[in-house]
Amino acid sequence: MTDQSQQLESITQREYKAGFVTDIEAESLPPGLSEDVIREISRIKGEPEFMLEWRLKAYRHWLTMDTPEWAHVHYPEIDYQQISYYSAPKKKDDGPKSLDEVDPELLRTYEKLGVPLDERARLAGVAVDAVFDSVSVASTFQDKLAEEGIIFMPISQAVKEHPELVEKYLGSVVPYKDNYYAALNSAVFSDGSFVYIPKGVRCPMELSTYFRINAANTGQFERTLIIADDDAYVSYLEGCTAPMRDENQLHAAVVELVALDRAEIKYSTVQNWYPGDENGKGGIYNFVTKRAACRGESSKVSWTQVETGSAITWKYPSVVLQGDNSIGEFYSVAVTNNMQQADTGTKMIHLGKNTSSTIISKGISAGRSQNAYRGLVRVGPNAENARNYTECDSLLMGDKCGAHTFPYIEVKNPTAKVEHEASTSKISEDQLFYCKQRGLDAEDAVSMIVNGFCKQVIRELPMEFAVEAQNLLGLSLEGSVG
Amino acid sequence: MLEIKNLHASVEGKEILRGINMTVNPGEVHAIMGPNGAGKSTLSNVLAGRDGYEVTQGEVIYKGENLLELEPEERAQRGVFLAFQYPVEIPGVSNIYLLKAALNAVRKYQGLDEVDAIDFLNLVRDRMKLVKMDEQFLHRNVNEGFSGGEKKRNEILQMAVLEPALAILDETDSGLDIDALRVVAEGVSALRAEDRSIVMITHYQRLLDHIVPDFVHVLSEGKIVKSGDKELAKELEKSGYSWVHDAPEGQTA
Ligand SMILES: Nc1ncnc2c1ncn2[C@@H]1O[C@H](COP(=O)(O)OP(=O)(O)OP(=O)(O)O)[C@@H](O)[C@H]1O
Ligand SMILES: [Mg+2]
């Protein structure tokens, strides 16, 4: 090993800045899962009957299912009876009406995380829904958005205030039978965001949700549903962090997007869950089902994700291209360091005519981590003139990590054009030396080179978050290069 | 400025530099010539602090400090600049981004604030004129897809922006056409200054027609075998390197 890589290895152990715990009184359900627990969750949330029925159906189905084992990740079996399915900061009544009612300790927590909830302190163009463990604790700009007819609220609130929309769309993209974690989520989901953009409305600001896991031994079961009606547009961003704990914690989310005629949804994720320590102790299991339906003609959905955290990431934000001329995009950066494992990618399902999809995936592996891209491009028999372009690049830092690519292509229509490009490279000593010779220290040099590698993806992020993502990439990779 | 004393260095156990002595004073321009494989690039890499070279004997004093103890970036921040024989491509990183990061790194060491965006742009535009580079190169990725000649110009642009105290130019003239050679040479000449020393590694006399050196050294098999003034380069051009081999070791400048 050269001096340079030794030196770089010594700065591998980044500090996880979001690792603090908020000391707040919480109401939690005791660990364990049963129909009674589900009834209790539904009761606490004051849900209408249809919601409880749906949860129970999902739960009964989940009981018949097995844990998926096809992903390139390894972890001890999860004991679902050891997890608490509901934890919420204690509060007076039914959810925050205004920021004045939010516990100042919570406001401080979000401020520390760089997400001030005070509307005056916010970036003017961003509305935030803040989810703390199982509940939404604050949601900004609701009134202003309502003036445009936009609904942006915690899904638990939408279940009560807009049951007709929830009943119509919930599970319409990801049915509860879809997979093991989706079924579990459907049974016990806690909170998440609900967005409805009415016909012809361009949402005037970025909408964002900030997920925070705080309580120990709790699972977070986020459920997000976004509907863009005809000719509507919305850009939505989610961020995630959790305290440093020695135990693994489960985050099993389901996100559904529905784009109707000529609607466009841009969904960006900056995922920085606690990744565990350098020996792989602790960290979040991030098992997520994200899927969009381009239901209307000429509709468009873009997924952009920067995944730096979590002990294990298992997620494949996908697009079902039902409408003719619809477009699906997936831009991804997945960074793994130390003992992290990521198995991530996308599915592009072409059903309508003249549909097109683009997949740009950048995997960066350091330490002893494992990073896999898994992608499916399926072109159905009626999808005339479908187009797909896939580019899949891996960057290795050091020689103890792994990068894997599993592209699946199924084409049932001869007019389809599907292109796939892949590359694997290493950060070269030459590049590092060149940057250092120009005065940059090792950390800045690595960060610059990695950001260059990810540029195609980073530039898809909304401005304000691109900077955050760039910094995060640098931090996650203060890492081994060989 | 720079004092190299009995410098020995090896790569993978093989001794490449075998007792280099050289003194460079502020404002001087030194040319180093010598056959392929003589150790010219090795010398510049050792001075810049590249990994993989083991200094087995000797020392290098730069502005009163032991240069060999410093990290490459510390040397750069203190004003040691190496124009690479083979400039490196960095995909996805724009030229202007690297330039700015580099300038700010140097400024930080000097205790200055980060450069103001407008000032920076003005500075870069001004320096681009020096090497007659088009502005589009600022927004292209560092050296990616640059022609050989464009890469070399880009190195000199970086030098012009960073204003180093000691510039080591490793075959900056190789791969340049006649016009480009003149442009680059004029650029470098314009950067000659009282308080700046330049060490140029070259194979060709023609560069030295444009940038007249104060001293010329011949490096062969890891040693400086002859030193002289610009006339030495002319003789080399005529007679090749073979005649210096048997000559007694030249006086170091
Ligand atoms: N990393 C390395 N591994 C093995 N040998 C090396 C390495 N670097 C340099 N050398 C050897 O050291 C000797 C000197 O190389 P160097 O690049 O310094 O020569 P040079 O004088 O710059 O030649 P040129 O005029 O061709 O650029 C050569 O024989 C070269 O093969
Ligand atoms: Mg050389």
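Residue numbers begin at 1 in each chain, while the letters A, B, ... track the order of the sequences.
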Proximity breakdown for A/Tyr434 and chain B, heavy-atom pairs closer than 4.5 Å: both

What residues of [range] sit under 4.5 Å from chain A when only non-hydrogen atoms are counted?
range                       : result
residues 76-107 of chain B  : B/Ala76, B/Gln77, B/Val80, B/Phe81, B/Leu82, B/Ala83, B/Phe84, B/Pro87, B/Val88, B/Glu89, B/Ile90, B/Pro91, B/Gly92, B/Val93, B/Ser94, B/Tyr97, B/Leu98, B/Ala101, B/Ala102, B/Ala105
residues 149-161 of chain B : B/Glu155, B/Gln158
residues 120-142 of chain B : B/Asn141, B/Val142

Engaged part of B/Arg50 at the chain A interface, taking heavy atoms whose separation is under 4.5 Å: both

Counterpart residues, ring pair (Phe, Tyr, Trp, His ring centres under 6.0 Å), relative to A/Tyr236 (two or more places apart): A/Tyr267

From A/Gln437 atom CD to B/Ile168 atom CD1, the distance as rounded to the nearest 0.5 Å: 7.5 Å

Heavy atoms of other groups near A/Lys290 NZ, more than 12 under 6.0 Å: yes

Atom CD of B/Glu65: over 12 foreign heavy atoms under 6.0 Å: yes

Salt bridge (charged side-chain N to carboxylate O under 4.0 Å, His left out) assessment of B/Lys108 paired with A/Asp441: CA-CA 12 Å; B/Lys108 189 171 172 195; A/Asp441 64 28; over 6 Å; no

Residue pair A/Phe433 / B/Gly49: nearest heavy atoms and the distance that separates them: CE1-C, 3.9 Å

Chain B contacts, top residue of A/Gln456, A/Gln431, A/Lys455, A/Arg438 (heavy-atom pairs, under 4.5 Å): A/Arg438

Audit row: B/Asp51, A/Glu429, side chain to side chain contact (heavy atoms under 4.5 Å, CB included) steps and yes/no: CA-CA 8 Å; B/Asp51 265 352; A/Glu429 301 259 330; 3.8 Å; yes

